[in-house]
Amino acid sequence: MFGHQNRVFSKILLAADISVGLMALALSYWLRTLVWLFPVAISQHFNPVLLPFPEYFSYFLAFLPIWVILLSWTQRYGEVFHLPATLQAYRVLQFVVPVGFLQGFFIFAFKLEISRPLFFGFLALATLGMGLNRFVLEWILRSRNINPHNQTNILIVGTTDHARRVAEKLGRYRRWGVRVIGHLSNNGEEAAPGLTVLGALSDLPDLILDRVVADEIVFVGSDITDVAAFEEMIKLCEDLGVRTRVAADFFPTSIARVSVDSLEALPMITFSSVPDDSLSRVAKRVVDFVVALGGLALFTPLMILIAFLIKFTSPGPVLYKQTRCGLFGRRFTLIKFRTMVEGAEDQLWEIRHLNEMSGPVFKMRDDPRVTPLGRYLRKFSLDELPQFWNVIKGEMSIVGPRAPLPEEVRAYSIKQRRRLSVKPGITCLWQVSGRSEVDFTQWMALDLEYIDNWSLWLDFRIMLRTIPAVFTGRGAR
C-alpha cells in the first residue's frame with residue numbers, strides 16, 4: 001500500500017475505532033436496561049442506579065480527547081496494515097487496558113454514579129468492535145487480491161538492482177492486489193537476476209496498447225538515461241490516462257525519509273531525517289503544554305519550599321539562568337534552581353582537568369562547586385522543575401535531547417548536530433538510561449536513536465521511565 005492510500009485507510013480506521021466507542025456505549029446501555037438479564041440481587045449489588053443516556057454520552061465526549069491520544073499512541077495506524085492478526089489484537093489490548101484503568105480512576109476520583117455492568121460491558125464491546133474493524137478492513141483490502149478487476153498491474157521501467165529492489169517492495173503489497181507484471185530495459189544493460197523483462201523502453205507503446213494490461217508505470221529514477229525518451233513516454237501515459245510514478249532513488253540516503261509535497265503545482269521531493277508528522281507534532285505540543293501546566297500547578301508548593309531553602313542555605317539568587325541552544329540552534333534562556341555556589345562558572349577553569357565525561361561536556365560526580373542542598377536537588381532532579389516554564393513558552397519539550405551550551409554545540413561533529421533537529425527536553429533516553437554511567441558518545445547515540453524512532457508512544461514510555469529514575473536517584477548527574 002502506497003503512502004497516500006496508507007494514510008487514507010489509517011484515518012478511516014481511526015474514525016471507525018472512535019465510532020466503536022460510541023456504539024459500544026449505546027449497546028451496553030441498552031443491554032443494561034434489560035433487567036431480565038440480571039437477577040435482582042446481582043443488579044442491586046452492581047449499582048442499581050442507571051443514569052439517563054445523555055449523561056453517559058457527555059462523559060464519553062469529555063473522555064474523547066484522551067481516547068484519541070491513546071489510540072494514536074498504541075495503534076500506530078501507519079503500521080497496522082502490515083501487522084499479523086495476533087499483533088493487531090495485542091495493540092487493541094494495549095489501548096483498552098489503559099482506557100479501563102483511566103476511566104475507573106475518573107469514576108472513583110469524581111464519585112460518578114456509573115453502572116458497573118455498563119462499564120465492563122462497554123470495555124468488552126469496545127474490544128470486540130475494534131477487533132471487528134480490523135477484520136473488516138483487512139477483508140476489504142484482501143478482496144482486491146481475488147477480483148482481477150480490482151487489482152493494480154504495474155510495469156517497471158528499469159532492469160538494474162535498483163529496479164529489482166523497487167519490485168521487491170511492491171511485492172510486499174501483493175495481498176492487496178498489487179501485481180508487478182514485468183520490466184522494461186531502459187539502458188541496454190544486462191538485467192538483474194530474477195526479473196521478467198518484456199522488452200525495451202521503446203516497446204512501451206506497443207505493450208500498453210496491445211499486449212499487456214498496465215494500470216501504472218513506475219520509472220526507476222536512477223535508470224533514466226535518455227531524458228527525451230522518458231519525457232515522450234510520460235506524455236504517452238498522460239494521453240492514455242495511465243498513472244505514472246518515478247521512484248526517487250537519484251540521491252543516496254541512509255536515514256532520511258523521502259516524501260513528495262507540492263508548492264502550488266510544483267512537485268517537491270523532500271528528504272527528512274527528523275520526525276515530519278504534522279498532526280503528531282501538534283499533539284506533542286498539546287501534551288507538552290498540558291503536562292507542564294499541570295506540573296507547575298502540582299509542584300508550586302514544593303518549588304516555593306525549595307526557593308526558601310536555597311535562599312537561606314547559600315548566598316546568591318534562587319534561580320540559575322543560562323543560555324542554551326534549542327531547535328536548530330535557536331538560543332534561549334534555560335531556568336533552573338541554583339545548585340552551585342555563586343560564581344561557579346568563574347571557578348570552572350580550576351577544575352576542568354577533573355572532567356569525568358568525554359567530549360565537550362563537563363561532568364563531575366563530586367563537583368566541589370555544588371552546595372549540600374544542591375546535591376540533594378540534583379540527585380532527585382528537583383532543580384529542573386522551573387523548566388516547566390520553558391516548556392510552556394515553547395522553547396523546550398517534556399521529552400527530548402538535553403539542551404546543550406553553545407560552546408558544546410560548536411564542538412559537535414556534523415552527525416551529532418542532528419540532535420538539534422528537535423526541541424530539547426526535560427527528560428530523555430539519556431536520563432532514564434542512567435546518565436552518570438553513559439559516556440558522551442553513547443549519550444549522543446541515544447539522542448539520535450530517540451529522533452530516528454520518535455513517536456508519541458515513545459514519549460509516553462520515557463515519561464513513565466522517568467518517574468522511577470527520579471525517585472531512585474538513578475538520573476542523578
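Keep in mind the model is a prediction, meaning the values are calculated, not measured. Counting from 1, the numbers follow the sequence of the chain as shown.
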Take Arg285 and Asp288, measure what salt bridge (charged side-chain N to carboxylate O under 4.0 Å, His left out) needs, and give me the verdict at the end.
-> CA-CA 5 Å; Arg285 176 59 187 151; Asp288 285 341; 5.1 Å; no
Would you check, one step at a time, whether the test side chain to side chain contact (heavy atoms under 4.5 Å, CB included) holds for Trp454 with Lys284?
-> CA-CA 11 Å; Trp454 177 82; Lys284 178 179 174 67; 3.5 Å; yes
Indicate the ring-plane relationship of Phe299 and Phe388, choosing parallel, tilted or perpendicular according to the 30° and 60° boundaries.
-> parallel
Member of Lys336, Lys379, Arg402, Arg378 meeting the salt bridge (Lys or Arg N to Asp or Glu O under 4.0 Å) criterion with Glu384 | Arg402
Are Asp17 and Tyr77 linked by a side-chain donor-acceptor pair shorter than 3.5 Å?
-> yes
Atom pair CZ (Phe53) and CZ (Phe60), whose distance is rounded to the nearest 0.5 Å | 9.0 Å
Looking only at non-hydrogen atoms, find the nearest pair between Lys423 and Gly394 and report the distance.
-> NZ-O, 2.8 Å
Output the distance between atom CG (Leu309) and atom CG (Leu377), rounded to the nearest 0.5 Å.
-> 8.0 Å
Walk me through it: do Ile398 and Val287 pass the test side chain to side chain contact (heavy atoms under 4.5 Å, CB included)?
-> CA-CA 8 Å; Ile398 296 296; Val287 172; over 6 Å; no
dist Leu123:CG -> Leu118:CG (nearest 0.5 Å) comes out at 10.0 Å
Would you check if Val92 and Gln75 make a side-chain contact, meaning some heavy-atom pair closer than 4.5 Å?
-> yes
Taking the side chain as every heavy atom from C-beta outward, state whether Arg331 and Cys325 have any atom pair closer than 4.5 Å.
-> yes
Main-chain N/O of Ala403 paired with Arg324 side-chain donor or acceptor, under 3.5 Å = yes
For Ser28 and Gly121, the nearest pair of non-hydrogen atoms, with its separation, is CB-C, 3.9 Å
Quick one: does Thr371's side chain have a donor or acceptor within less than 3.5 Å of a partner on Thr339's backbone?
-> yes
Heavy-atom side-chain proximity of Tyr320 to Met340 below 4.5 angstrom = no
For atom CZ of Arg375, is the number of surrounding heavy atoms from other residues, nucleotides or ligands below 6.0 Å larger than 12?
-> yes
With side chain to side chain donor-acceptor pair (under 3.5 Å) as the test, would you mind laying out the steps for Tyr450 and Asp459 before giving the verdict?
-> CA-CA 9 Å; Tyr450 167 77; Asp459 276 4; 2.7 Å; yes
Ile335 side chain reached by Lys321 side chain, heavy atoms, under 4.5 Å | yes
Measure the spacing between CD1 of Ile467 and CD1 of Ile462 and express it to the nearest 0.5 Å.
-> 13.0 Å
Leu137 and Leu13 have their tightest heavy-atom pair at CD2-CB, 4.1 Å
Which atom of Glu449 lies closest to which atom of Asn453, heavy atoms considered | O-ND2, 2.8 Å
In terms of heavy-atom contacts, Pro301 and Ala297 come closest through CD-O, 4.3 Å
Any side-chain heavy atom of Met444 sitting closer than 4.5 Å to one from Ser413?
-> no
Taking the side chain as every heavy atom from C-beta outward, state whether Pro424 and Phe332 have any atom pair closer than 4.5 Å.
-> yes
Is there a side-chain contact between Asp447 and Leu429 (heavy atoms, below 4.5 Å)?
-> no
Please check if the side chain of Arg134 supplies one atom and the backbone of Met130 the other of a donor-acceptor pair under 3.5 Å.
-> yes
May I ask you to check whether over 12 heavy atoms, not counting those of Trp457, lie within 6.0 Å of atom CH2?
-> yes
Arg76 side-chain N/O to Ser455 backbone N/O, donor-acceptor pair under 3.5 Å | no
Using the benzene-type ring in the case of Trp, are the ring centres of Phe380 and Tyr376 under 6.0 Å apart?
-> yes
Verify the ring-centre separation between Phe95 and Trp67: is it less than 6.0 angstrom?
-> yes
Spacing of CH2 belonging to Trp443 relative to SG belonging to Cys428, to within rounding of 0.5 Å = 8.0 Å
Do Ser314 and Glu342 have side chains that get closer than 4.5 Å, going by heavy atoms?
-> no
Spacing of Trp389 atom CH2 and Glu395 atom CD [to the nearest 0.5 Å] = 9.5 Å
Can you name the closest pair of heavy atoms from Leu385 and Leu302 and give their distance?
-> CD1-CD2, 4.1 Å
Worked verdict on Met396 versus Val391 for side chain to side chain contact (heavy atoms under 4.5 Å, CB included) = CA-CA 5 Å; Met396 294 179 63; Val391 175; 4.1 Å; yes
Is Glu55 reaching over with its side chain to a backbone N or O of Pro52, donor-acceptor style, under 3.5 angstrom?
-> no
Could you walk me through whether Leu456 and Ile69 pass the side chain to side chain contact (heavy atoms under 4.5 Å, CB included) test, one step at a time?
-> CA-CA 9 Å; Leu456 290 172; Ile69 290 174; 5.6 Å; no
